[in-house]
Structures are given as structure tokens and as C-alpha cells.
Asker: 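A single structure is presented below for examination.
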Amino acid sequence: MSAKKIELPASIVIRDLAQKIEKSPIEIIKKLMTNGVMATINQSVDFDTAAIVVAEYGFEAVLEAQDEVVKEESGEVPLWRRLIADEDTKALIARPPVVTILGHVDHGKTSLLDALRQTDVAAGEAGGITQHIGAYQVEKKGRTITFLDTPGHAAFTAMRARGAQGADIVILVVAADDGVMPQTREAIAHAKAARVPIIVALNKIDKPNSNPDRVKQQLAELELVPDEWGGNTMVIPVSAKQKQGIDDLLEGILLVADNIDIRANPLGKVIGTVIEAEVDKSKGTVATLLVQNGTLESGDIVVAGRSYGRMKALSDYKGRPVKKVGPSTPVAVMGLNGVPAAGDVFQVVDSEKEARAIVGERADAAKTAANVQKKISLEDLFANFKAGEAKELNLIVKADVQGSLEPIMSELAELGKGEIGVKVLYAETGNIGENDVMLASASKAIIIGFSVQADVAARRLAEAEGVSIRLYDIIYRMTEDIEKALKGMLEPVIVEKVIGRASVLAVFSASKLGRVAGCRVTEGELRRNAKVRLLRGASDIVFEGEMASLRHEKEDVREMRTGFECGVGFKNFNDIQVGDHLVCYVLETSS
Ligand code: GDP
């Protein structure tokens with residue numbers, strides 16, 4: 001019997017693969033595991049892997065025909081672009097370009113955004129007092145440019161990555177005195193993934209030690225060849241501080257905008273991206289939305305992520321009330337019943353009923369995904385893993401938001417191209433829990449946490465099992481660290497070793513010592529010069545620091561062993577309660 005042919009794309013999400021061959025995702029995940037591939041229902045596998053799986057069910061996979069552009073670059077076309085592509089081309093008209101500014105920390109992103117904002121003379125406002133809503137607009141030559149003004153975090157944030165997704169043009173700020181740095185590369189990767197053209201703002205040219213040619217050379221090496229060297233990347237010298245070159249930059253933006261298709265249908269389906277959202281005590285959810293197609297009007301029912309509501313109190317980036325806004329326009333709105341995430345797509349629907357149905361479906365999908373993930377037996381994972389005994393660095397990656405995972409995974413993929421591979425057992429959002437540690441322990445993996453924390457139980461287990469947990473806030477720090485690990489050069493890190501635990505049975509007031517916890521040591525020992533943490537309830541840490549005193553029957557002591565009672569005072573802390581738990585630990589170096 002000849003195999004049935006089935007068309008598969010270059011990469012496919014497990015859920016979709018399962019649907020295509022009408023099997024349960026769990027079955028597919030198990031099949032993948034027996035082939036040594038760990039994947040969750042929401043992760044995708046490449047064509048070759050999918051082909052092996054479907055072959056087991058009697059299918060012959062053929063690569064789906066794709067259009068050239070899609071094949072050439074990695075990353076996904078943002079949903080809003082796909083939707084605009086579905087619009088009737090006759091209905092599309094030009095809209096303002098949406099620009100986001102990316103670059104290495106301290107290269108001048110914030111300063112440049114400020115300088116650009118001040119060029120908005122049309123408003124004629126002294127001091128340019130504008131409301132911060134995460135986006136603003138500037139007029140140049142009678143044309144409007146929309147800037148996404150992401151918060152000036154030093155660390156890379158998901159917002160910045162997503163900014164590239166919502167933008168038509170990325171301005172890459174590179175300081176002329178510093179050159180290409182890790183976050184510059186990161187920014188280039190985001191822009192490429194989002195298929196957004198890059199204009200380089202060569203900043204700080206006022207500095208005596210600036211070296212524009214060196215930077216251009218570096219950029220050329222990264223396939224951003226300056227136009228003056230025959231390439232097609234605009235490199236515009238500016239000084240955000242002295243407000244030089246700002247007009248050139250604006251003109252550059254309009255020039256690039258003219259060369260790409262920046263259009264939308266103001267009468268079409270209303271869709272866009274959430275720029276930021278927060279809860280205001282008196283106003284409820286206040287969100288900034290960037291309309292990308294259609295016209296958003298007061299009274300429209302919007303679904304954004306897993307929240308929905310009737311839009312009211314629309315206002316522009318200057319805080320002025322507006323009734324409706326068209327494509328490429330940022331608008332602050334009220335009325336959502338929850339807080340969507342920055343980067344979520346929003347859309348207008350016909351009724352609240354429809355909105356509820358969409359939100360319900362999304363909640364169900366998330367629940368199913370979570371259940372399926374839980375059901376993957378750890379034993380299966382371990383067994384597979386051990387069988388391979390590959391020479392690879394195994395990682396478990398946890399990050400705060402999905403948007404952080406994407407750039408982390410692409411960095412890790414790069415790193416894994418060397419002699420020693422990097423294998424990500426799984427990557428998910430959320431804090432590090434016991435499950436993660438168990439898996440890491442059995443598979444000799446390191447846990448990487450990005451802008452997340454390890455909960456108390458996980459920390460305890462990690463310590464008992466000798467699992468290394470590494471926490472980062474900045475991607476390039478993580479990259480550097482892993483690079484070192486791969487070279488076997490990882491510097492020792494400081495880890496916590498618990499040496500004792502005690503329960504608080506009573507609280508005393510000692511005139512000289514402040515309040516003192518009357519404790520019984522339940523495990524190990526307490527040491528006067530070690531560190532202590534006071535826990536309340538399941539996991540609340542109410543104090544972390546040093547002891548001010550350790551006494552046994554009015555005698556100062558250096559240590560106190562299991563079974564004994566003692567008084568413990570804490571440095572600058574008095575809020576002790578009966579029932580609190582005390583953990584005593586030392587910091588040790590480990591690799
Ligand atoms: P960001 O971290 O990329 O947002 O960078 P900032 O805008 O906060 O700028 C970092 C530092 O560089 C600040 O001290 C700025 O004053 C300084 N800076 C920014 N642009 C220029 C410039 O064009 N020339 C000089 N000399 N300093 C600049």
C-alpha cells in the first residue's frame with residue numbers, strides 16, 4: 001500500500017499537526033519523545049521531524065509550496081499584516097508609518113524619542129507637555145509619523161520585541177562612540193524576524209571619540225550595508241543631545257515609508273495591537289491601542305487577548321478626547337474588563353455575545369494546553385533523555401512572557417551551532433516550580449529563568465538535588481553565560497545552601513534587642529553569622545537578612561542545633577509572628 005501524501009509547512013505547531021492527521025496531540029507528543037524530541041502542544045517542529053512522525057501513521061510528507069519571501073526569512077508574519085493582506089486592494093489607502101526605536105542600552109533611545117517628540121511644533125505647546133500613552137505622532141512635511149514609545153527599561157523587555165511586530169520601520173540607534181553591542185544585534189534580530197526595514201540612527205556624533213566609519217564597518221558585517229557604500233541601509237548621523245540630524249532622520253523615515261507598502265482600509269475590519277494596558281483605580285483598565293486597520297469608534301465592542309468591553313473615553317496621545325481613530329493611530333481607551341498584554345492583537349466584534357464566545361474559546365484553549373502539558377509523564381521524558389546520553393547542554397527555559405521566549409530561543413539556537421549542542425527540553429512562561437526542578441534533576445539540565453523567580457519549594461528542591469538555577473533579566477547576559485558554560489569556563493556562581501530551619505513558638509520584647517523570636521530548631525542548625533529568611537504562611541518571605549542576636553537561655557551563642565530552643569533577633573526587623581518559619585542559610589560558590 002502506498003503512503004498517503006500530506007502537505008506540511010516548513011514548521012508546524014504540534015496542535016495543528018495533530019489536527020491535520022486527526023490524532024490526539026498527546027499521541028504526537030509521545031511519538032516525538034520516543035524520537036528524542038521534547039515538545040509541548042504549542043511548540044512547533046520542523047518539516048523533517050513532522051515528516052518522521054506522520055510516516056508512523058502511514059503518511060508521506062511533502063513540503064508545502066511557500067511564497068519566496070516567507071521562505072527566505074524566519075519569523076512569522078504578524079496577524080494584522082495577514083489580515084490587511086486579505087483586504088480588497090482597491091480599498092487600501094496610505095496610512096502613517098509606525099516607527100519603533102531599538103538599540104543597546106545607553107545608546108540614546110530615550111533621548112532620541114524626546115528629540116523627535118519636540119519637533120512636533122505644530123502643536124505649539126511650550127515644553128511639549130504630552131501624556132505618556134506609549135505612542136505619539138509627529139508631523140513632517142504635512143505627513144504624520146507614529147512613534148511607539150516603549151518604556152525606557154535598561155533591560156530588554158517583551159514590549160520592545162513586540163514593538164518591532166507592530167511597526168513598519170525600526171530605527172536602530174547605535175552610539176558612534178560605542179559601536180555595535182549585544183543588544184544592537186538583538187534588535188537587528190527582532191527587526192528581521194518581524195520583516196521590518198531598519199534605518200540606523202548613528203547617534204552621539206557630537207562626541208569627540210565618535211567613530212562613524214568603524215560603526216558602518218560593523219553594520220556592514222551584519223548585512224546592514226550603508227547606502228553610501230552601495231548597500232541599502234540608510235545610516236543617518238544624529239545627535240539626540242544637540243538635536244542634530246533629527247530632520248534628516250524624519251525625512252529618511254518618509255523616504256523608506258514611500259518604498260514599502262504602508263496601507264490600510266479605514267473602512268475595513270477594525271484590528272490592531274495593544275501597546276500597553278494597566279488598571280487605574282478609578283478608571284478601570286486604561287489601554288493604549290494602535291489601530292492598524294479600520295476605524296475604531298467610541299461604543300465599539302473590542303476583544304483584546306482574553307478581555308473585552310465597550311470602548312469609551314477615547315483620547316489621543318495628547319489626552320484630547322476623540323470620537324474615532326483610523327489606521328496607524330494610537331488611542332487611549334477605557335472599557336475593557338481585564339488587562340490585555342502588550343502585543344496582544346485586538347479586534348472589533350459585532351456584539352458582546354460574540355466577544356464572550358471568543359474570550360471563552362481562548363480561555364479553553366489555554367486550559368487544554370495546560371492540562372496536556374501536565375499529563376506528559378516525567379518518567380517518559382527522563383527515559384528518553386538518558387537513552388540518548390548526548391553531549392549537550394540541557395536547558396529548561398522559563399520566562400515571564402511569551403514575547404521574551406522567542407528571542408531567547410533564537411539566541412540559544414545560535415549558540416547550539418557549535419561543537420557542543422544546546423538542547424532546550426522545554427520553554428514556557430511562568431515562575432520556576434518544583435516540576436521544573438525535578439525534570440532538570442533527572443535530565444541533568446540547567447534551569448534558565450528570564451525575569452521570573454523560583455518559588456520557595458523549587459528553591460528547596462534545587463538545593464537538595466543539586467540543580468542549578470540561573471536567573472537573568474538581560475538576554476545578552478544569559479548568552480554570555482551560556483557561551484562560557486559551553487566552553488567549560490563558567491565562573492562559579494553563588495548559591496544558597498540551607499543549613500537549618502526553625503519554627504517561631506513565641507515572640508518576646510527584649511528592651512535592648514527589640515523583638516525576639518522564641519524558636520525551636522527543627523532541622524540542622526542556626527548559625528549566628530549565617531543569613532536568615534523568615535517565612536509566613538505557605539511562601540511569603542517577610543524578612544531576609546541577618547540575625548541581630550542568637551541566644552540560648554540568656555547566653556549569646558554562635559550556633560544552635562536541632563531540638564533546642566533559642567531566641568533570635570533580626571537586624572532592623574521586628575514584625576515577627578508566632579507560626580513563622582525561619583530558614584538559616586549560607587552562600588557558597590558552585591559551578
Ligand atoms: P537609552 O538607554 O538608549 O534610552 O539611552 P538614553 O537616551 O538614556 O541616553 C544614555 C546617555 O547618553 C544619557 O546620558 C544621554 O544624555 C546620553 N546621550 C544620548 N544621546 C546623546 C548624544 O547625541 N550625544 C551625547 N553626547 N550624549 C548623548
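By convention here, the first residue in the shown sequence is residue 1. Counting starts at 1 for both ligands and their atoms, following the listed order.
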Asker: To the nearest 0.5 Å, what is the distance between NZ (K398) and CD1 (I408)?
Answerer: 12.5 Å
Asker: Are any of the N or O atoms of L112 closer than 3.5 Å to those of ligand 1?
Answerer: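 N/O-N/O distance under 3.5 Å: no.
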Asker: Is K109 close to ligand 1, meaning an N/O of one under 3.5 Å from an N/O of the other?
Answerer: yes
Asker: Below 4.0 angstrom from a heavy atom of D106, which ligand 1 atoms are there? Numbered from 1 as shown, please.
Answerer: 1 (P), 2 (O), 3 (O), 5 (O), 10 (C), 12 (O)
Asker: Taking non-hydrogen atoms only, is D206 closer than 4.0 angstrom to ligand 1 via side chain, backbone, both or neither?
Answerer: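 Just the side chain.
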Asker: Please check if any side-chain donor atom of H107 sits under 3.5 Å from a side-chain acceptor atom of N203, or the reverse.
Answerer: no
Asker: I'd like the name of whichever of Q242, K241, H107 reaches closest to atom 22 (C) of ligand 1 through any heavy atom.
Answerer: K241
Asker: Please report the interatomic distance NZ(K207) to NZ(K241), rounded to the nearest 0.5 Å.
Answerer: 7.5 Å
Asker: Does H104 come within less than 4.0 angstrom of ligand 1, counting non-hydrogen atoms of the residue?
Answerer: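 Distance cut 4.0 Å: H104 passes for ligand 1.
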Asker: Measuring from atom 5 (O) of ligand 1, which candidate in G103, G108, A115 has the nearest non-hydrogen atom?
Answerer: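 Answer by nearest heavy atom: G108.
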Asker: Can you sort out which atoms of ligand 1 are near K207, meaning under 4.0 Å from one of its heavy atoms?
Answerer: 26 (N)
Asker: Who are the salt bridge (Lys or Arg N to Asp or Glu O under 4.0 Å) partners of R185, not counting sequence neighbours?
Answerer: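 By the salt bridge (Lys or Arg N to Asp or Glu O under 4.0 Å) rule, R185 matches no residue at all.
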Asker: Listed by chain and number, what are the ring pair (Phe, Tyr, Trp, His ring centres under 6.0 Å) partners of F147, not counting sequence neighbours?
Answerer: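 If we apply the ring pair (Phe, Tyr, Trp, His ring centres under 6.0 Å) test to F147, skipping adjacent residues, the hits are Y136.
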Asker: Can you see whether Y472 engages E480 through a side-chain donor-acceptor pair at a distance of less than 3.5 angstrom?
Answerer: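 Checked: Y472/E480 side chains show no N/O donor-acceptor pair below 3.5 Å.
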Asker: If you define the side chain from C-beta out and look only at heavy atoms, does anything of L112 sit under 4.5 Å from I171?
Answerer: yes
Asker: Consider every N or O of A240 and every N or O of ligand 1, then say whether any pair is closer than 3.5 Å.
Answerer: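 A240 vs ligand 1: N/O contact under 3.5 Å present.
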